[in-house]
Amino acid sequence: MEKISNNRTVKFFNGKQIPLEMHKVRIVQSLNLVPVEQRLEAVKAAGYNSFLLSTKDIFLDMLTDSGTNAMSDKQLSTMFVADDAYAGSVSFSRFEKSVQEVLGKKYILPVHQGRAAENIISKAYISEGSVIPMNYHFTTTRAHIELNGGSILELYTPEAMKIDSSHPFKGNIDTERLEKTIQDVKPENIPFIRMEASTNLIGGQPFSLSNLKEVRRIADKYNLIIVLDASLIGENAYFILKREAACGKETIGSILLKMCELCDIVYFSGRKVSSAKGGAICTNSPDIYTRMKHLVPLYEGFLTYGGISVREIEAMAQGLTETLEEDVVGQSPMFIEYMINELVKLGIPVVTPGGALGSHIDATQFLPHLPQSEYIAASLVSAFYIASGVRGMERGTMSSTRDEDGNEIYADLELMRLALPRRVFTLSQVEYTIDRLNWLYKNRELIGGLRFVEEPPVLRFFTGRLEAVSDWPERLAEAYRKDFGDTL
Ligand code: F0G
């Protein structure tokens, strides 16, 4: 069926402003909402770490959009025609063609997921003392840079850290600070400048095309290369289309090409951008390609599959092509915007304006009585799970790390992320989430802190275990039972 993009034109006669789904549901998965007593037991057994919960105890899984976006019928159908060959698979040729069409890059190195791209780029470019200026870090990116002896410098603008803002591009890099940093650190110590599309950890906030152009101008002046983390590039292009006046007449496709053309290396998590599983590093430079090529068979797999199943390569190829559709890349941002507007009306502190990936609740304002040392955002995630069965993700100090002396490096922001993967949830499920958040906000003084009982040295938020500092989870569950009685 020919696809016509509608989401700009649909208006409700009754004046309501709600996002309208431009897809229908054809395959469903049943959900389970377990009673609050079971949620309390489950969160304790998971060490108050939402990564360690089992989906049998989860109602709405808003942990992430990684590998959880809904797939299209066309994606599913391409998986059946995948060419299962170790080398020279035509499925990979189709993927190459799709990357060329959507991102405009000729040389493609497949990797099993986004962080594998970060491993390879870091191994090829970073050495002891390297400094990487960037708009903001992502957890796995930072870990790979530091493991290879480098360090990061985050050059975000003051607007980026404001929870309540109307700035359309909080993901911009501060270009004045960038140039000054390059002069101070010296270009020879900077293997590349990194830009992250829809900057994940500050609330999925995009950068503008004009900001990226300015980064290119500075990079050229000092003969530096730019690496673009394109895991959330589709949504960033959507925001450029909607929010950057100079680009209002463009298409998602033309913006994607312009963004990628300004960057020397483009890498992505295919789990996000292409609603499948996998990833890739792309470039138009034969030198850059050659510098990393040999690392792919060593860490990932042969050059035409990179550790990804060929079925997923087909799904990535098709999924990437669908990134050109405004209905696809705009769906999650539109739901997020709806949710955020409702939360603002209820007085619940949330990052504005809405960005990509999910709604980001400001745990610092939600729980002003908790000290940062008690993992405010993680406490809020656990409390919200008890109050709703909805699984969110901690994006705060628990996701940070310690310095060499073992002191906490406190996160700039303490956020609870509620991911809205593309085309997964219905509006009534979003309404339920808003309702339970409202209840929790009214009962927020019941929520207490957490402390680690098992703390891994790297990326501790994935597998670390915590305990409650008091019996607050029991008291919260009791208050819930009082208000909701026998209902779930
Ligand atoms: N870069 C960004 C901006 C990401 O958001 C992610 C993953 C990665 C790199 C790593 O990709 O997971 O395929 O290895 N983000 C997920 C999330 C995990 O939940 O935000 P990966």
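In each ligand, atom 1 is the first atom listed, and ligand 1 is the first ligand listed. Note that this is a predicted model, so its numbers are computed, not measured. Residue numbers start at 1 and run along the sequence shown.
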Worksheet item: Just checking, Arg291 and Tyr125: is the charged tip under 6.0 Å from the six-membered ring centre and within 45° of the axis?
Response: yes
Worksheet entry | side chain to side chain contact (heavy atoms under 4.5 Å, CB included) against Phe80, all qualifying residues, sequence neighbours excluded | none
Worksheet item: Just wondering, do Leu212 and Met195 contact through their side chains at under 4.5 Å, heavy atoms?
Response: yes
Item to complete: Please confirm whether the backbone N or O of Lys272 pairs with a side-chain atom of Asp65, one donor and one acceptor, at under 3.5 Å?
Response: no
Worksheet, complete the sentence: In chain-and-number order, ligand 1 lies under 4.0 Å from a heavy atom of each of Thr64, Ser66, Gln113, Gly114, Arg115, Glu118, Phe138, Thr140, Glu196, Asn200, Asp229, Ser231, Ser269, Arg271, Lys272, Met393, Arg417
Discussion item. Given 3.5 Å as the limit, does a donor-acceptor pair link the side chain of Lys105 with the main chain of Cys260, or not?
Written reply: yes
Worksheet item: Taking the six-membered ring of Phe59, is the NZ or CZ of Arg391 close enough (under 6.0 Å from the centre) and on axis enough (within 45°)?
Response: no
